[in-house]
Amino acid sequence: MKVLLANKYLFNNGGAETVLFQERAFLTGSGVEVIDFAMQHERNIESPYSTHFVSRQDYRNGGYLSKIRGALALIHSREAVSKLASLIDETRPDLMHCHNVYHQLTPSIVGVAKSRGIPVVLTLHDTKPVCPVHTRALGNQLCSLCLTGGFHHVLTHRCSDGSLAQSATLYLEAVTQQWLGSYEKVDRFIAPSLFMQDSVSRRFSPDRTVLLYNGVDVRNISPRGRDNGYVLYCGRLAPGKGAETLLRAHQAAGCPWPLVIAGTGPLTDDLKSQFARNVQFAGHLSGDTLSKTIAEASIVVVPSEWCENCPMSVLEAMAQGKAVIATRIGGIPELVNDRETGFLFEPGNVDELRTHLECLMGDGELRAQMGAAGRIRVEKHFSLEKHNAELMAVYRSLLPERTSVVAAAVNGARSP
């Protein structure tokens with residue numbers, strides 16, 4: 001079997017790319033031929049298909065004309081359509097699986113595959129198909145105005161940073177893909193949370209959407225009960241991620257415990273200048289360094305203020321046997337059992353977060369108990385083995401004539 005994997009990058013930038021690389025490793029290890037399609041980037045891993053990758057797009061920088069050209073490429077990439085057509089004709093894949101293809105590749109590539117009789121799977125890492133700005137947020141409230149496909153609301157409310165120009169670009173992008181029927185041509189949407197499944201069900205029929213949670217490789221993570229007495233945040237330092245809320249809660253508690261901030265982003269310098277007492281800004285961590293940092297933390301906090309889908313930061317913390325304090329938003333409550341594997345709090349609520357921090361940091365036995373419960377939960381519901389088996393079942397449903405080949409991969413996913 002040949003599977004074409006499409007994503008804007010071919011390097012692991014965390015989050016969605018972690019899921020992509022997990023699936024890619026599983027497929028290649030199961031004897032499936034993986035065909036890569038992405039954007040050119042110096043951080044990409046080596047691929048025999050890189051000559052087919054589209055040129056790097058940067059629609060945020062440059063002069064006025066450059067931004068205009070970038071905006072048009074964001075809406076519909078003729079280069080991506082042409083290069084994908086060539087790649088498909090050369091390799092003849094059985095199925096195309098798209099991850100983050102918005103902007104750099106554009107959903108227009110779906111039509112290329114469908115015109116050649118190739119079924120298409122799209123993993124929904126955010127709500128982009130039903131929300132042009134992908135956050136489902138209007139101010140500080142959950143928004144449902146565009147879910148059925150009436151995208152004019154993005155103009156009315158200037159949803160993209162209050163900018164009419166940016167909002168107009170995203171509106172044009174949404175209605176262009178609607179006119180092309182790009183999302184309507186997708187055979188299966190993979191929703192990594194019930195929240196995501198419900199979000200897109202207003203526009204797409206339920207039989208086209210499959211619930212498939214992200215997975216974590218619990219077989220290669222062994223909690224050792226280490227607890228070095230610090231609170232840990234892993235994520236972008238950007239609006240909507242809630243890092244400032246955590247820093248304020250830590251400050252309100254009197255900064256009695258070390259707080260490690262693992263991540264970078266546009267708010268880095270501002271947060272560093274405001275919050276210094278007992279805070280370590282560790283920068284971007286990955287691989288063994290990140291795993292060790294999680295393993296030695298007392299608790300992990302995920303204070304997101306926008307609608308997270310199925311954050312790997314929560315699953316990785318639970319796999320390490322850590323109690324998790326996280327916001328009651330998006331798909332997070334589907335992962336964290338309130339008062340069993342950690343605590344949930346309202347987004348942006350500094351006082352509530354401070355209370356939970358004081359409770360867990362003051363009770364080592366309780367956080368160990370919650371961490372152990374989280375490990376059991378992730379083993380049962382969110383293992384990578386379970387994710388891979390269910391992914392192959394999705395493929396099998398779209399490739400009935402290749403049932404024996406796909407079934408072999410499914411059996412491989414289930415074997416110890």
Side-chain angles (χ1 to χ4, degrees), residues 7-9 13 15-17 57-61 67-68 70-77 98-108 110 122-180 182-184 186 189 191-193 195-204 235-244 265-267 303-311 327 329-332 347-348:
N7 189 67
K8 60 182 178 180
Y9 303 130
N13 200 37
E17 277 72 44
Q57 300 292 327
D58 188 354
Y59 51 87
R60 293 184 177 90
N61 298 317
K67 289 182 178 179
I68 291 291
L72 293 175
L74 172 151
I75 294 166
H76 174 76
S77 174
C98 300
H99 282 267
N100 274 340
V101 297
Y102 322 114
H103 302 174
Q104 287 82 359
L105 303 181
T106 77
S108 303
V110 174
L122 172 62
T123 294
L124 297 161
H125 293 288
D126 57 41
T127 57
K128 182 70 171 176
V130 292
C131 173
V133 294
H134 74 76
T135 61
R136 270 203 72 183
L138 183 58
N140 295 322
Q141 300 298 317
L142 181 67
C143 177
S144 301
L145 292 174
C146 293
L147 295 187
T148 57
F151 299 121
H152 62 279
H153 300 288
V154 74
L155 288 174
T156 305
H157 298 283
R158 300 191 180 194
C159 295
S160 182
D161 298 327
S163 167
L164 181 59
Q166 290 177 200
S167 300
T169 300
L170 294 177
Y171 167 75
L172 185 58
E173 176 196 15
V175 296
T176 297
Q177 298 306 332
Q178 190 176 46
W179 177 74
L180 291 172
S182 297
Y183 296 117
E184 283 71 19
V186 172
F189 293 100
S193 64
F195 166 79
M196 184 62 66
Q197 189 176 41
D198 177 68
S199 294
V200 300
S201 67
R202 320 284 181 92
R203 180 176 176 187
F204 308 116
R236 287 269 293 161
L237 300 183
K241 302 302 284 186
E244 183 174 352
L267 300 181
S304 297
E305 293 167 8
W306 65 4
C307 296
E308 295 283 1
N309 187 8
C310 183
T327 42
I329 193 170
I332 292 175

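The first residue in the sequence is number 1, and the count goes up from there.
The aromatic rings of W306 and H134 lie perpendicular to each other, with more than 60° between the two planes, well past the 30° mark.
Side chains of L147 and R136 form a contact here, defined as non-hydrogen atoms less than 4.5 Å apart. Annotation: side chain of Q177 is not in contact with side chain of Y102 (no heavy-atom distance under 4.5 Å). In this structure the side chain of R202 never reaches within 4.5 angstrom of the side chain of V130, judged on heavy atoms. For the pair L267 and P239, the minimum side-chain heavy-atom distance is below 4.5 Å.
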Item to check | Steps toward side chain to side chain contact (heavy atoms under 4.5 Å, CB included) verdict (L122, V110) | outcome: CA-CA 9 Å; L122 172 62; V110 174; over 6 Å; no

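The nearest pair of heavy atoms linking T127 to T135 is OG1-N, 4.0 Å. N7 approaches H99 most closely through the heavy-atom pair OD1-CB, 3.3 Å. Residues P192 and T123 come closest through the heavy atom pair CG-CG2, 4.2 Å. Nearest heavy-atom pair across M196 and D126 is CE-C, 3.4 Å. Here the closest non-hydrogen pair linking F195 and G331 is CB-N, 3.9 Å. Between L180 and S108, the shortest heavy-atom contact is CD1-OG, 3.7 Å.
Atoms CG and OG, from D161 and S167 in turn, are 8.0 Å apart once rounded to the nearest 0.5 Å. Remark: L124 CG to C98 SG distance equals 11.0 Å, nearest 0.5 Å. Atom OH of residue Y171 and atom OG1 of residue T156 lie 9.5 Å apart, to the nearest 0.5 angstrom. Interatomic distance, SG of C131 versus CG of L170, reported as 9.0 Å (0.5 Å rounding). A distance of 6.5 Å separates SG of C143 from NE2 of H157, quoted to the nearest 0.5 Å. Atoms CD1 and CD, from I329 and E308 in turn, are 8.5 Å apart once rounded to the nearest 0.5 Å.
In terms of the side-chain contact (heavy atoms from CB on, under 4.5 Å) criterion, residue partners of E244 (sequence neighbours excluded) are, by chain and number, R248, L271, Q274, F275. For R158, there are no side-chain hydrogen bond (donor to acceptor under 3.5 Å, both in side chains) partners two or more places apart in sequence or in a different chain. Take E184 and apply the side-chain hydrogen bond (donor to acceptor under 3.5 Å, both in side chains) test, not counting sequence neighbours, and it matches R203. K8 is linked by a side-chain contact (heavy atoms from CB on, under 4.5 Å) to E17, N100, Q104, counting only residues two or more places apart in sequence or in another chain. Under the side-chain contact (heavy atoms from CB on, under 4.5 Å) criterion, C146 pairs with P132, F151, H153, sequence neighbours left out. Checked against ring-ring contact (aromatic ring centres under 6.0 Å, His included), F189 has the following partners two or more places apart in sequence or in another chain: F204.
Side-chain N or O atoms of T327 include one that pairs as donor or acceptor with a backbone N or O of S304 at under 3.5 Å.
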